[in-house]
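Please read these numbers as outputs of a predicted model, since none were measured by experiment. Letters A, B, ... are given to chains in the order of the sequence lines, protein chains preceding strands, and every chain is numbered from 1.
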Amino acid sequence: MQTSSFYQNVYDVVKLIPFGRATSYGAIAAYLGSKGSARMVGYAMNNSIKTEAGIPAHRVVNRNGLLTGKFHFGIGDEMKNRLENEGLVIIDNQIQNFNAVFWNPATELAL
DNA sequence: GAGGTGACTGCGA
DNA sequence: CTCGCAGCCACCT
C-alpha cells in the first residue's frame with residue numbers, strides 16, 4: 001500500500017484478466033471501491049505502459065467496449081491487433097459481443 | 001501549496 | 001437516437 005498505490009491495485013486486477021476477456025475502467029474502479037474514479041484506472045494504465053509495460057491494458061476498455069486508449073497504448077493498432085489475437089472481434093475500434101467477453105473482477109474475484 | 005488534467009460514467013435535453 | 005454537461009479522485013506541473 002504505502003502512499004496511495006491505487007495504480008498498483010489496478011495493475012494487479014488487470015494482470016488477473018484471463019485470456020480472451022476484457023473489462024471496463026468502471027468495473028475495476030468499482031472493485032477497488034472507488035466507482036467514481038474510473039478515470040484514475042485509465043490514468044494508471046497510462047502509467048503502467050511506461051513503468052510496468054507488462055500490463056494487458058488492451059484488455060481494458062471503456063463501458064461501451066470501445067478502445068478509447070488505443071492511441072495511448074502505443075503505436076498503430078497494437079491494441080486492436082492484440083484483442084483480435086485473443087479471439088475478440090474489433091470493429092471500428094469497438095469490441096463486438098463485448099458482453100460475452102466482459103470480465104467483472106467484482107464478480108470473478110469476489111468469490 | 002494550488003491549479004489543471006484525464007485511456008470514464010451517468011443523466012438530461 | 002444523438003449530443004452535451006457535470007461529477008469524480010489521484011497524479012502531474
Side-chain angles (χ1 to χ4, degrees):
Chain A
M1 300 315 173
Q2 312 98 326
T3 69
S4 59
S5 25
F6 190 91
Y7 284 23
Q8 187 59 49
N9 271 337
V10 177
Y11 304 153
D12 186 40
V13 176
V14 175
K15 287 178 185 174
L16 293 173
I17 299 174
F19 184 90
R21 302 283 189 181
T23 188
S24 64
Y25 304 99
I28 298 173
Y31 178 70
L32 296 177
S34 298
K35 184 177 72 173
S37 305
R39 288 178 165 170
M40 308 297 79
V41 178
Y43 222 108
M45 293 286 89
N46 186 3
N47 192 34
S48 72
I49 295 169
K50 296 184 294 188
T51 60
E52 300 300 312
I55 309 295
H58 59 276
R59 293 180 185 158
V60 184
V61 294
N62 71 346
R63 199 47 167 146
N64 294 310
L66 187 66
L67 305 176
T68 50
K70 186 187 77 166
F71 299 97
H72 289 271
F73 191 75
I75 301 172
D77 298 323
E78 182 72 31
M79 190 172 185
K80 177 185 174 188
N81 190 5
R82 289 193 178 200
L83 288 169
E84 290 182 322
N85 188 24
E86 300 200 2
L88 300 180
V89 180
I90 312 301
I91 299 175
D92 189 25
N93 297 328
Q94 186 174 9
I95 298 175
Q96 303 303 302
N97 197 12
F98 180 59
N99 187 24
V101 299
F102 181 71
W103 180 79
N104 189 335
T107 302
E108 300 297 317
L109 298 178
L111 296 177

Checklist entry - Does the cation-pi check pass for A:Arg63 over A:Phe102, that is, NZ or CZ under 6.0 Å from the six-membered ring centre and within 45° of its axis? => result yes

Please report, rounded to the nearest Å, how far the [atom2] atom of [N] is from the [atom1] atom of [X].
| X | N | atom1 | atom2 | result |
| --- | --- | --- | --- | --- |
| A:Tyr31 | B:dT9 | OH | C1' | 21 Å |
| A:Asn47 | C:dA10 | CG | P | 15 Å |
| A:Ile17 | B:dA7 | CD1 | P | 18 Å |
| A:Glu78 | B:dA7 | CD | P | 19 Å |
| A:Asn9 | C:dC9 | CG | P | 16 Å |
| A:Tyr7 | C:dC12 | OH | C1' | 9 Å |
| A:Leu66 | B:dG10 | CG | P | 15 Å |
| A:Lys50 | C:dC11 | NZ | P | 13 Å |

Item to check | Under-3.5 Å donor-acceptor pair between A:Tyr25 side chain and B:dA7 base | outcome: yes

Regarding [X], tell me which of base, sugar-phosphate or nothing describes its non-hydrogen contacts under 4.0 Å with the strands shown.
| X | result |
| --- | --- |
| A:Asn62 | sugar-phosphate |
| A:Leu67 | nothing |
| A:Ala29 | nothing |

Item to check | side-chain contact (heavy atoms from CB on, under 4.5 Å) between A:Asn93 and A:Leu66, intermediate numbers included | outcome: CA-CA 6 Å; A:Asn93 297 328; A:Leu66 187 66; 4.2 Å; yes

Next on the checklist: Check A:Arg82 with A:Glu86, please: is the shortest side-chain N to carboxylate O separation under 4.0 Å?
Outcome noted: no

Residue [X], side-chain heavy atoms: nucleotide from [options] that is nearest:
| X | options | result |
| --- | --- | --- |
| A:Arg63 | B:dA7, B:dG10, C:dC9 | B:dG10 |
| A:Ser37 | C:dC11, B:dA7, C:dC9 | C:dC9 |
| A:Ser24 | B:dA7, B:dT9, B:dT5 | B:dT9 |

Checklist outcome for this item: The residue among A:Leu67, A:Asn85, A:Ile91 that forms side-chain contact (heavy atoms from CB on, under 4.5 Å) with A:Lys80 is A:Leu67

Item to check | Shortest non-hydrogen contact between A:Val41 and A:Phe6, atoms and distance | outcome: N-CE2, 4.3 Å

